[in-house]
Amino acid sequence: MGTKKHALVFQSAITPDDYKSQTIFDIFYKRKTPAILMLLSLLGSLTLLVLDIMEFIELPFNIFVLLLVYVAAILGFRAIIGKIVKKVVEPDKISIYNEHTYIVSQMGIHMTGGIEEADLILTWNIISEVFEVQNSFYVYINTAQYLIFPKRDLNEKGERFLREIFQDKLEQNFHRRTIKKSSRSST
């Protein structure tokens, strides 16, 4: 991997885990709506419980049981579906362990190599959106076509370069969905 003044060059090969993680991200995390609805449901349930305990309103106990079952069902459904996806989803055989060279520059993304002998140039206007997650960057061309850039193939300078160019070129279509790592002091 190398960085030039205005370009990042790196090689990457996708593993089955990369592919499955991206599929789970697509189903559950790409859009925030399901999480927001679940959070609102939980807050509503807790608000009703507090109001009932403080005797501002009187509600039958079975409403709280139903709300708890509802929240547990949503959480359980997500966990079960996530496990099923990890076991059932069969990665695209061509893309797994198929090494490509990527050049990311002001012009776009140039992908070469692999068993299909790719030579593809994606200009920035073709890329619909990019998500940065904990271990990868997901570069979407449309809802069905995407590239995965695993962070294990990048150093810190490369990650920073991608963040900056995605932010510059895609603006509001670049989304960071990472959890900031806490700094630990060794004693």
Side-chain angles (χ1 to χ4, degrees), residues 1 3-4 6-39 77-78 81-181:
M1 176 182 62
T3 55
K4 298 177 185 175
H6 297 293
L8 171 69
V9 180
F10 66 99
Q11 293 181 328
S12 181
I14 305 306
T15 67
D17 285 342
D18 294 329
Y19 186 85
K20 290 174 183 180
S21 294
Q22 190 282 329
T23 303
I24 290 171
F25 175 80
D26 249 3
I27 294 171
F28 294 120
Y29 303 108
K30 187 174 178 185
R31 301 290 170 235
K32 294 181 181 179
T33 306
I36 291 171
L37 287 175
M38 189 173 70
L39 182 63
F77 175 74
R78 288 180 76 163
I81 294 298
K83 287 181 182 183
I84 290 171
V85 166
K86 282 196 174 200
K87 288 185 179 182
V88 173
V89 169
E90 195 61 35
D92 178 2
K93 301 289 186 204
I94 291 176
S95 43
I96 300 303
Y97 301 120
N98 189 2
E99 191 167 281
H100 290 92
T101 298
Y102 297 95
I103 302 170
V104 181
S105 70
Q106 297 295 319
M107 305 267 303
I109 298 171
H110 186 191
M111 179 178 86
T112 59
I115 59 173
E116 74 281 13
E117 297 181 21
D119 189 3
L120 175 68
I121 297 175
L122 300 171
T123 58
W124 292 112
N125 63 339
I126 292 174
I127 298 168
S128 64
E129 59 188 340
V130 173
F131 288 88
E132 179 185 3
V133 296
Q134 200 65 32
N135 298 317
S136 300
F137 290 91
Y138 300 141
V139 181
Y140 286 85
I141 300 155
N142 56 43
T143 57
Q145 296 177 311
Y146 53 85
L147 301 172
I148 301 173
F149 295 162
K151 290 183 179 178
R152 69 175 172 274
D153 298 327
L154 304 164
N155 59 26
E156 192 173 312
K157 191 175 180 181
E159 285 183 38
R160 187 172 42 251
F161 179 87
L162 287 180
R163 260 184 229 109
E164 288 171 2
I165 200 161
F166 291 150
Q167 184 64 54
D168 181 50
K169 297 298 182 183
L170 301 171
E171 298 173 350
Q172 71 271 12
N173 291 326
F174 173 58
H175 313 281
R176 292 190 72 190
R177 301 277 175 86
T178 60
I179 300 169
K180 294 196 187 324
K181 296 177 184 175

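Along the sequence shown, residues are numbered consecutively beginning with 1.
- Residue pairs satisfying the salt bridge (charged side-chain N to carboxylate O under 4.0 Å, His left out) criterion with at least one member in residues 130-144, sequence neighbours excluded, are listed as follows: Glu132-Lys151, Glu132-Arg163, Glu132-Arg176.
- To the nearest 0.5 angstrom, Arg160 atom CZ is 12.0 Å from Leu154 atom CG.
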Query raised in the report: Between Val130 and Leu162, is a side chain to side chain contact (heavy atoms under 4.5 Å, CB included) present by the stated rule, with each step listed?
Result: CA-CA 10 Å; Val130 173; Leu162 287 180; over 6 Å; no
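- Summarising the geometry of His175 relative to Gln172, their closest heavy-atom pair is CE1-O, 3.1 Å, with the distance given to 0.1 Å.
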Hey, can you pull the donor-acceptor pairs under 3.5 Å for the side chains in residues 103-113, sequence neighbours left out?
unit_1	atom_1	unit_2	atom_2	d
Ser105	OG	Met107	N	3.2
Gln106	OE1	Lys169	NZ	3.0
His110	NE2	Asp119	OD1	2.6

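- Every residue two or more places apart in sequence or in another chain was checked for a side-chain hydrogen bond (donor to acceptor under 3.5 Å, both in side chains) with Gln167, and none qualifies.
- Side-chain contact between Ile165 and Leu8 is absent, with no heavy-atom pair separated by less than 4.5 Å.
- Checked against ring-ring contact (aromatic ring centres under 6.0 Å, His included), Tyr140 has the following partners two or more places apart in sequence or in another chain: Phe131, Tyr146.
- Here CG of Asp168 is found 9.0 Å from CH2 of Trp124. Values are rounded to the nearest 0.5 Å.
- Using a 3.5 Å distance cut-off with no hydrogens or angles, the side chains of Thr15 and Asp17 do not pair a donor with an acceptor.
- With sequence neighbours left out, Ser12 forms a side-chain hydrogen bond (donor to acceptor under 3.5 Å, both in side chains) with Asp153.
- When all heavy atoms are compared, the tightest approach of Asn98 to Glu116 is ND2-OE1, 2.7 Å.
- For Ser128, the side-chain hydrogen bond (donor to acceptor under 3.5 Å, both in side chains) test picks out no residue, with sequence neighbours left out.
- Distance check: Tyr138 OH to Ile148 CD1 gives 6.0 Å after rounding to the nearest 0.5 Å.
- The line from CZ of Phe10 to CG of Asn155 is 11.0 Å long, rounded to the nearest 0.5 Å.
- Rounded to the nearest 0.5 Å, atoms CD1 (Ile127) and CG (Leu122) are 5.5 Å apart.
- Shortest non-hydrogen contact noted between Phe25 and Val133 is CE1-CG1, 3.5 Å.
- Between the CZ atom in Phe161 and the NE2 atom in His6 there is a gap of 8.5 Å [rounded to 0.5 Å].
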